[in-house]
Participant: 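Have a look at this one.
Because the structure is predicted, anything quoted here is derived from the model rather than measured.
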Amino acid sequence: MTLAQLVLPLLLSGAAGGGHEIVLILDNSCSMGVESRDDQGRRIPPNDPERAAVLGTLVVEGLARGSADRVDVLAFGDGKDAPPRPARSADDIRALPYSNGTYFRRPLEEAGNRLRGSALQKRLFLFFTDGIPEDLRDPSEGPRSLGLSESAEFETLVIGLFGSDEVRQTGEQFLRPLARDPQKDLIFVETPREVIGAFTRGYAHVLGSRPETGSLSPGQSKTFEVGKYVVEVLVATASASPGPAYTAKLEGPGGDVPAQASGDNGCPPGVRYAGAPKLCQPPHRHYQVFRAPNSPDQRSTWTLSLPKGSGAIDYGLILRYDLEASLAVPTTARVGETVKLDARLLFRGKTFDDETFFQADGFTAVATIEGKEVPLRHEGGGRFVADWTPSEPSQEGASTPVRVTFRNAWMEQSARRAVQVEGFLDFALVPNPASLDFGTWRGERNETRRCSLVDLSRSTNADRIPIQCTAQGAVEGGVLSCAPVAGSEADLGGGRKGQPLKYEVCFAAESCCGDIAPSGIGVLFAASHPHYAAAAVTVPTLVRVSETGWLRCWWPWLALAGGMIGFGWIVAGFVRPHDFDPAASVYVAGSEMGLKRASALTLRETPGGTRGFYRNARMCLNAGGDFVRAPRAAVLVLEAGPGGSTRFATAPGLERKVQRTGKWEPVPAEELALGYTPNVVYRVGSLYLKWS
């Protein structure tokens, strides 16, 4: 992580097209390195006992050393009116004393003056702090002191290191306004070891490149490929923990690259702090940075290695591409009048056009205008364009900032321009037709819809000013809607498209609706911008829908219900009837003695012996001793019941033999419903029967 932070400052110093102005406010309050006590006498440890902030600042200075970049370090003074303490060299940075307070205003004022007065092409405001300002009461005082506004021509990166959530919540109120884009430019870290990583992530956005970071153990190496268009290779290394000095090695196509800067973050000789007796004593954290040119016309291979015997190091590498964003846009525009943005990347001052590059590594191009991101489309030849229609004039005479950004996995290049947006256009709406009549129809089981078109081509500047179409009035049982017609956008010339000129107005009657004849409904056409509110026009709408009717609405459900009932009736006709027990059988003979010689016949094998449609299984026997299917021709009918039971449906003159007495007796009528008793001999007429 330390290396990555180092690499980013290097990238900053070597950006294409000129140097960078970096003004870094370094919080040197005692809470960073010196132990303190609260009101109850409890110990409060320092937030940065390893002097990681000093190490990160040294890395920035080392990477920029000898280049066109300029790094100015400002530390807090000892009072709210005391001037900030400046530092430029590595020795000056190490020698910065810890101050007795946290004073923002004077360093912010000095940083703003230096950034605004710089002639360098790109500028960065970098602020690192762990506290809450003692000299600011209102968070808005910070950006005013710095001179931060939409038109300010410098980027920002604010890093906060706080010892508790409570302090962070208070401190964030003062840091957030100092970040141009708090989502990207405001970073919070919890430990000093994260400081270098925070510098790295922030610089990746601000300086236009993204470093690759990692770590090396003694004896390990890292080989990386460098592609075309890279003009410089930057590498930063730092010891992962306090310890002895180390010597890393960077080798490129031209051989070994000498280190550009190295050292540690210790205090100057003889410096001691009473509240932190070990702060300035060894061991310290060490750093070593490299910077070497590279041919952008061909690929190359580089290797970073760490000899054995050294402690582990963190590294970061940056490949600085000689690419620069540019933007062409008119200096003035009018509200509602479309403006074309023409952006491109430049390589060696010429338009960069490499389709392979544009298709790789998640490449995107967007414009940020009026707080929104608008995608840029590639028109070929390296030109990226977008249409912008200003929605309001520039505020209080200040120009409206327009920014385009090209980014991919390793790069983020931006260009800014200021456009003075003036006045409002003449605007009048003339809808055709001026009213709508959808006619009369009957509702149906499903939703019914009628639509009509409204043409705004006779209007004044409706092709340039965004318009909204909304339904007016409540409708019970229906919905009135309005939407622009795709493809009806006005042709503004030069391939530019304006606003839609045709709108489709529809009325949808709900399924199974009642009578619908609403009054006072219509569609309102109005410009999106409130300035044009007086020009809004309502197109009255007439619609009449008669009631669907109960049978028309519900017949499918009735048919479905009837079908389900019929299906259930049919299924029940086969399922509900009862069957004989599969093992039940009957013997039939012309005499009682003949039963002993008769063969058993399974009841299910007799005609009608299995259940039918809404018919229980039955055994029908005629007077001649034959089994028949029709009960009308039978003198005895036995019918199956639930659970294997039976009953005699027809049995006139049925008798049974009482085994105890050997006599015959009629079967009582009330017992016929109980069916037969197994192994009992029955007699009907001249036929003898026994069931088993």
Participant: Can you list the steps and then say if Arg403 with Ser414 is a side chain to side chain donor-acceptor pair (under 3.5 Å)?
Facilitator: CA-CA 7 Å; Arg403 176 176 180 172; Ser414 298; 3.1 Å; yes

Participant: Mind checking ring pair (Phe, Tyr, Trp, His ring centres under 6.0 Å) for Phe352 and listing every partner two or more places apart, or none if nothing turns up?
Facilitator: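 Partners of Phe352 by the ring pair (Phe, Tyr, Trp, His ring centres under 6.0 Å) criterion, ordered by chain and then number, come out as Tyr229, Phe357, Phe358.
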
Participant: Salt bridge or not for Arg106 and Glu110, using N-O below 4.0 Å?
Facilitator: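 No, Arg106 and Glu110 are not salt-bridged.
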
Participant: Could you check whether Asp264 pairs with Arg51 (Lys NZ or Arg NE/NH1/NH2 to Asp/Glu carboxylate O, under 4.0 Å)?
Facilitator: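 A salt bridge is absent here (no side-chain N lies under 4.0 Å from a carboxylate O).
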
Participant: Should the pair Asp297-Lys228 be classified as a salt bridge under the 4.0 Å nitrogen-to-oxygen rule?
Facilitator: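 No salt bridge links Asp297 with Lys228.
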
Participant: Answer yes when Arg416 and Glu155 have at least one side-chain N-carboxylate O distance shorter than 4.0 Å, and no when they do not.
Facilitator: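 Salt bridge present between Arg416 and Glu155.
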
Participant: Using a strict cut-off of less than 4.0 Å between a Lys/Arg side-chain nitrogen and an Asp/Glu carboxylate oxygen, indicate whether Glu21 and Arg123 qualify as a salt bridge.
Facilitator: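 Looking at Glu21 and Arg123, the cut-off is not met.
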
Participant: For Ala261 and Gly62, which heavy atoms make the closest approach, and how far apart are they?
Facilitator: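 For Ala261 and Gly62, the tightest heavy-atom pair comes out as CB-CA, 3.6 Å.
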
Participant: Is a side-chain donor-acceptor pair under 3.5 Å present for Asp27 with Ser29?
Facilitator: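 The answer is yes; a qualifying pair exists.
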
Participant: What residue pairs, at least two apart or across chains, pass ring-ring contact (aromatic ring centres under 6.0 Å, His included) with a residue in residues 24-79?
Facilitator: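 Of all non-adjacent pairs touching residues 24-79, those that pass ring-ring contact (aromatic ring centres under 6.0 Å, His included) are Phe76-Phe104.
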
Participant: Has the side chain of Arg65 got a donor or acceptor atom that lies under 3.5 Å from a matching backbone atom of Ala90?
Facilitator: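 Not at all, since once roles are kept as given, no pair shorter than 3.5 Å links the two residues.
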
Participant: Under a 4.0 Å N-O cut-off, is there an ion pair linking Asp92 with Arg85?
Facilitator: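 Salt bridge between Asp92 and Arg85, a charged N being under 4.0 Å from a carboxylate O: no.
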
Participant: List in chain and number order the residues that pass disulfide (SG to SG under 2.5 Å) with Cys30, two or more places apart in sequence or in another chain; answer none if no residue qualifies.
Facilitator: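 Once residues adjacent in sequence are excluded, Cys30 has no partner under the disulfide (SG to SG under 2.5 Å) criterion.
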
